[in-house]
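Taking it in order: structure first as structure tokens, then the write-up.
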Amino acid sequence: MTSKVAGNSVPPVRALCALVDGKEMTTAHAIYQANLDAVSQAIMTGDLPLLRQHIAIPILLSGPTSEIVVSSVEELEIVVSDYREELIGKGFTAYRRTCIEAQVQPGQSDMIVGRHRTEIMAGRNHLLPPYECKLALMLIDGGWKAVWEQVECPRNEIEFLSRDISDAQKLAHAKLSLRAPGGPHTPPKEKS
């Protein structure tokens, strides 16, 4: 079975095994962890070209209090730079993300979904308690890229999403709100 991605035939992910940190993992788990590792390294070092290899545009990012759709490379750079600057300002020294579980999305061999734990460290101490995230990866142009991430941090101690972009998108969405049924934009009901 193969699927079509960007006009190319793509073999499905099979339940093969790989060695990750000395543990045998399914391919979905290994692919998911490899993406986490690359993105974490890019955030730690500010390597935006590396980041762009592992994150799709557009990508939906959901935080504890807001969500944004990053629809351009420039927006991605703003979001990541803002996040990284905030971490640096708080003294972070390590950014670790560890896959908890990952699987191929049933019926869609070019998508992997999973959960991971994030730890942001300042020396030996956590900057905030470890938290979980959900992530979806898609096989795009021969590489696995994140298309959606949801941060499930119960506290709002770090701004995960660029406030400027989030506020602008909230304002744009508010302008698109529809009227309640029976309001001025609802066509009248036909009489029986």
Student check: side-chain heavy atoms of [X] and [Y] closer than 4.5 Å:
X: Met121; Y: His126; value: yes
X: Pro129; Y: Tyr131; value: no
X: Tyr95; Y: Thr118; value: yes
X: Ile68; Y: Glu75; value: no
X: Trp148; Y: Lys134; value: yes
X: Ile120; Y: Leu128; value: yes
X: Gln105; Y: Met138; value: no
X: Ile55; Y: Val70; value: no

message = Checking side-chain polar atoms at under 3.5 Å, does Gln41 have a donor or acceptor matched by the opposite partner on Thr45?
response = no
inquiry  = Under 3.5 Å, is there a donor on one side chain and an acceptor on the other for Ser62 and Gln150?
reply    = no
Work out which heavy atom in [X] is nearest to a heavy atom in [Y]; give both atom names and the distance.
X: Ile140; Y: Ala56; answer: CD1-CB, 3.8 Å
X: Ile59; Y: Ala146; answer: CD1-O, 3.6 Å
X: Ala122; Y: Gly91; answer: CB-O, 3.4 Å
X: Met44; Y: Phe92; answer: SD-CE1, 3.1 Å
X: Tyr32; Y: His116; answer: OH-ND1, 2.7 Å
X: Ile112; Y: Ala102; answer: CG2-CB, 4.1 Å

task = Start with the C-alpha gap between Val113 and Leu135, add the side-chain angles, then the distance that decides, and say whether side chain to side chain contact (heavy atoms under 4.5 Å, CB included) holds.
result = CA-CA 6 Å; Val113 294; Leu135 182 69; over 6 Å; no
Are the side chain of [X] and the backbone N or O of [Y] linked by a donor-acceptor pair below 3.5 Å?
X: Gln33; Y: Arg97; value: yes
X: Arg84; Y: Ile43; value: yes
X: Thr93; Y: Gly123; value: yes

Could you tell me the separation between the [atom1] atom of [X] and the [atom2] atom of [Y], rounded to the nearest 0.5 Å?
X: Arg115; Y: Cys99; atom1: CZ; atom2: SG; result: 9.0 Å
X: Gln103; Y: His29; atom1: CD; atom2: NE2; result: 12.5 Å
X: Ser81; Y: Ile88; atom1: OG; atom2: CD1; result: 9.5 Å
X: Leu36; Y: Glu149; atom1: CG; atom2: CD; result: 8.0 Å
X: Ile57; Y: Leu76; atom1: CD1; atom2: CG; result: 4.5 Å
X: Leu61; Y: Glu67; atom1: CG; atom2: CD; result: 9.5 Å

message = Under the rule for salt bridge (charged side-chain N to carboxylate O under 4.0 Å, His left out), what residues qualify as partners of Glu85, not counting sequence neighbours?
response =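 Not a single residue meets the salt bridge (charged side-chain N to carboxylate O under 4.0 Å, His left out) criterion with Glu85.
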request  = Flag yes if Leu50 and Val79 sit in one hydrophobic cluster, no otherwise; membership is Ile, Leu, Val, Met, Phe, Trp, Tyr, and two members link when side-chain heavy atoms are under 4.5 Å apart.
outcome  =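 As far as the 4.5 Å side-chain criterion goes, Val79 and Leu50 are not connected within one cluster.
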